[in-house]
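Quick one: the structure is below, and I'll ask about it shortly.
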There are 2 protein chains.
Amino acid sequence: MSGKPAQKRSSGDEVAVDDRSVAARLFAILDAFAAPAGATSLTLTLTAIAQRANLPLSTTHRLVAEWVSWGGLSKHENGQYSLGMKLWELGVQTPTARNLRTIALPYLEDLYETTREHVHLAILDGRDALYLEKLSGHHAVRLISRVGARLPLHSTGVGLVLLAYAPSDVVQQYLATNLQRFLPRTVTEPEAVRKRLAEIRLLGLARMSEEMTAGSSSIAAPIRDRTGQVVAAVSIVTRTTDTIDPEQERAVRVAAQGVSRALGYRRAQQ
Amino acid sequence: MSGKPAQKRSSGDEVAVDDRSVAARLFAILDAFAAPAGATSLTLTLTAIAQRANLPLSTTHRLVAEWVSWGGLSKHENGQYSLGMKLWELGVQTPTARNLRTIALPYLEDLYETTREHVHLAILDGRDALYLEKLSGHHAVRLISRVGARLPLHSTGVGLVLLAYAPSDVVQQYLATNLQRFLPRTVTEPEAVRKRLAEIRLLGLARMSEEMTAGSSSIAAPIRDRTGQVVAAVSIVTRTTDTIDPEQERAVRVAAQGVSRALGYRRAQQ
DNA sequence: ACCTACGCTTCCATTCAGTGGAAGTTCTCG
DNA sequence: CGAGAACTTCCACTGAATGGAAGCGTAGGT
């Protein structure tokens, strides 16, 4: 993790003990399967797992067997391992994911039906927008987003909305780091971003264009819970056009309001 | 697990050692959160976890802390714990869940749009139908199914389809056990079930009525992968009516075929 | 305000489960 | 058929995990 004491350098003949707990080693094994970017789900051999988790082969062998017997990993005929169904089963039980998704899905479907565009549902998690749901239809502009993906806050519609309503220290911290530029039009100047956030708060809507994926634009709106707090964001991602389509904006607003109402938000002014 | 040597009986003053490995104990903690039936996602106190996992409090405390630091559990202000986002993130990466879902979703959306009924996608997992996806709309007859749920094979549309195309030893084993009767019309006689399975194979479609939930019926069809194997099933669940709606059946067939084709199935006769 | 009860957290001596190097096995490919 | 790679099993050693006990914090009762 820290990267400093993990090497087997140092003075003399130190052999660099690994002070991770059993639990940490078990987790390291699962983490070895975390898909790097927009990659397809991983499938690894025992040796590959050992390397990625930085564990001796025999230890890996034993711990992987524990995961398999529980169902967290599964072993395929060819000797490759992949994440197991048990993880999926438990994962979908996670309260935030499950409750939000269940409540929001009907409204996302409506939004998809009326617009026929990619529909996204995301929450703020750490420094990223975490995509809880994505509806796409057959056509589909190729996008990097997918369910479970983490994308930057400053270059996505949902991300900007989430940032706009985030506590100021989160904004502070986020803007303090170097914002990656994906396309020429990506806004990366902290002050310019702040200005946008203010506009978004004023409008209750974010518009993005050509900032993450070439040829695509997005419209996003905040979802509030009963306390009025913004807990998620919906968006549609469209092919970029010259004109703003007010119907699309309305549809996104309607979806966001629908979900908010279903969450118990009553448009308190507070 | 086995239930025999876990007690603290035996002769003399044995104190019954717990021979679970660290890994097994960690897993027992997660399993404590597995939602029992159609219950809402769990949230537990440390003590409750310790009881459910059958672990001493101090051990539970330490291991729970490990889960929390990794993100597999999260601790709320009130001191309650719940499954953490990390589990969700890894869970959605699980190959079967992710690939099948991603490919199938557009077709499920079509099916929902044309029928406006509950749409289900399920796979066979052990002795259960495991629900991978569920679309519902706002109206919604109350159903027990939900994403991640496990329901019996003999009393659900998707279940019967999956069983109809399962290897014969699976069918054998399944029918060898007592099949639960949920409603008067639930078919539980092994021979009657076998007869149904044959009909389903002949028709390529299953019809169920009033066998799991009062007032609801279902139509289900098999999804095949490129090898021709049935890997999943789609269904719609409707309010029970007197007449069969051929349009609905056609819609389910179309959806199932669409997904099969997208999976690479080419209608080989084999 | 005080007390009791309950649930959580920390501590630490004991011990046994986990460790990992090495040897054995299986599979693959030239 | 032989070399190499990947996986599996073995087992003596040891330090990490264990869990009882004591300490802390808070809620509720009187």
Side-chain angles (χ1 to χ4, degrees), chain A residues 1-2 5-10 13-33 42-70 72-82 84, chain B residues 1-2 5-8 10 12-33 42-70 72-82 84:
Chain A
M1 286 288 140
S2 59
Q7 289 313 319
K8 43 178 61 179
R9 286 286 94 170
S10 98
D13 50 358
E14 285 293 323
V15 197
V17 283
D18 181 351
D19 60 353
R20 283 179 290 181
S21 65
V22 184
R25 291 167 207 223
L26 281 163
F27 300 152
I29 285 175
L30 272 207
D31 283 331
F33 286 87
L42 280 186
T43 181
L44 299 173
T45 66
L46 189 65
T47 315
I49 299 171
Q51 283 167 353
R52 286 170 169 251
N54 193 26
L55 287 170
L57 192 60
S58 53
T59 301
T60 308
H61 182 255
R62 199 160 15 83
L63 296 183
V64 163
E66 299 259 23
W67 276 117
V68 170
S69 83
W70 181 65
L73 293 179
S74 55
K75 184 176 192 169
H76 303 279
E77 335 69 43
N78 53 31
Q80 303 255 81
Y81 293 88
S82 68
Chain B
M1 285 290 138
S2 59
Q7 291 311 318
K8 42 179 61 179
S10 97
D13 51 357
E14 286 294 321
V15 195
V17 281
D18 182 349
D19 60 353
R20 283 179 290 182
S21 64
V22 184
R25 290 165 207 226
L26 280 164
F27 300 153
I29 286 176
L30 272 206
D31 284 330
F33 286 88
L42 281 186
T43 179
L44 298 172
T45 65
L46 190 64
T47 315
I49 299 171
Q51 283 166 352
R52 287 170 168 252
N54 193 25
L55 287 171
L57 192 60
S58 55
T59 302
T60 308
H61 181 255
R62 199 160 14 84
L63 296 184
V64 163
E66 299 259 23
W67 277 117
V68 171
S69 83
W70 181 66
L73 292 179
S74 54
K75 185 178 191 168
H76 303 278
E77 336 69 45
N78 53 30
Q80 304 254 81
Y81 294 87
S82 68

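Small disclaimer: the values here were computed from a predicted structure and weren't measured. Chain naming here is simple, since letters A, B, ... match the order of the sequence lines and numbering starts at 1 in each.
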Discussion item. Distance check needed: D:dT26 C1' versus B:Glu77 CD, whole Å only.
Written reply: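 Checked: the CD to C1' distance equals 17 Å.
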
Item to complete: To the nearest 0.5 angstrom, please state how far the CD atom of A:Gln80 sits from the OG1 atom of A:Thr45.
Response: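 Separation between the atoms: 6.0 Å.
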
Item to complete: Measure the distance from CG on B:Leu57 to C1' on C:dG7 and round it to the nearest whole Å.
Response: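 Checked: the CG to C1' distance equals 8 Å.
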
Discussion item. Working to the nearest 0.5 angstrom, can you tell me the gap between B:Ile49 CD1 and B:Gln51 CD?
Written reply: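 Here the rounded value is 10.5 Å.
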
Worksheet item: A:Leu26 CG to D:dA16 P: how many Å, rounded?
Response: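 The distance from CG of A:Leu26 to P of D:dA16 comes to 16 Å, rounded to the nearest Å.
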
Might you list the N or O atoms of the protein lying below 3.5 Å from N or O atoms in nucleotides 13-19 of chain C, with each pair's distance?
from	atom 1	to	atom 2	distance (Å)
C:dG18	OP1	B:Val22	N	2.7
C:dT19	OP1	A:Arg25	NH1	3.4
C:dT19	OP2	A:Arg62	NH1	2.6

Practice prompt. Look at the rings of B:Phe27 and A:Trp70 and say which category their plane angle falls in: under 30° parallel, 30 to 60° tilted, over 60° perpendicular.
Written response: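 Ring orientation, 0 to 90° scale: parallel.
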
Practice prompt. Could you check how far NE2 of A:His61 sits from C1' of C:dA22, rounded to whole Å?
Written response: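 Spelled out: NE2 on A:His61 to C1' on C:dA22 is 15 Å.
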
Discussion item. Heavy atoms only, 4.0 Å cut-off, all strands: where does A:Leu55 land among base, sugar-phosphate and nothing?
Written reply: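 The residue A:Leu55 makes no contact with any strand.
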
Worksheet entry | Rounded distance in Å - CG (B:Leu46) to C1' (C:dT9) |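 One finds 9 Å between C1' of C:dT9 and CG of B:Leu46, rounded.
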
Item to complete: Assign each of B:Ser58 and A:Thr45 to its nearest nucleotide of DNA chain D by heavy atoms, then name whichever residue's nucleotide is nearer the 5' end.
Response: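 By nearest-heavy-atom nucleotide position, the 5'-most residue is A:Thr45.
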
Practice prompt. Could you check how far OH of A:Tyr81 sits from P of D:dT8, rounded to whole Å?
Written response: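 Spelled out: OH on A:Tyr81 to P on D:dT8 is 5 Å.
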
Please tabulate, one pair per line, all N/O donor-acceptor pairs under 3.5 Å involving side-chain atoms of residues 55-66 of chain B, not counting sequence neighbours.
from	atom 1	to	atom 2	distance (Å)
B:Thr60	OG1	B:Pro56	O	2.8
B:Glu66	OE1	A:Ser21	OG	3.2
B:Glu66	OE2	A:Ser21	OG	3.0

Practice prompt. Figure out the CG/C1' separation between A:Leu44 and D:dA6, and round it to whole Å.
Written response: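 From A:Leu44 CG to D:dA6 C1': 14 Å.
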
Item to complete: State whether a side-chain donor-acceptor pair under 3.5 Å links B:His76 with B:Ser82.
Response: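 On atom types as modelled, these side chains qualify, holding a pair under 3.5 Å.
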
Practice prompt. Find the distance between CD1 (B:Ile29) and CH2 (B:Trp67) and round it off to the nearest 0.5 Å.
Written response: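 CH2 of B:Trp67 is found 8.5 Å from CD1 of B:Ile29.
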
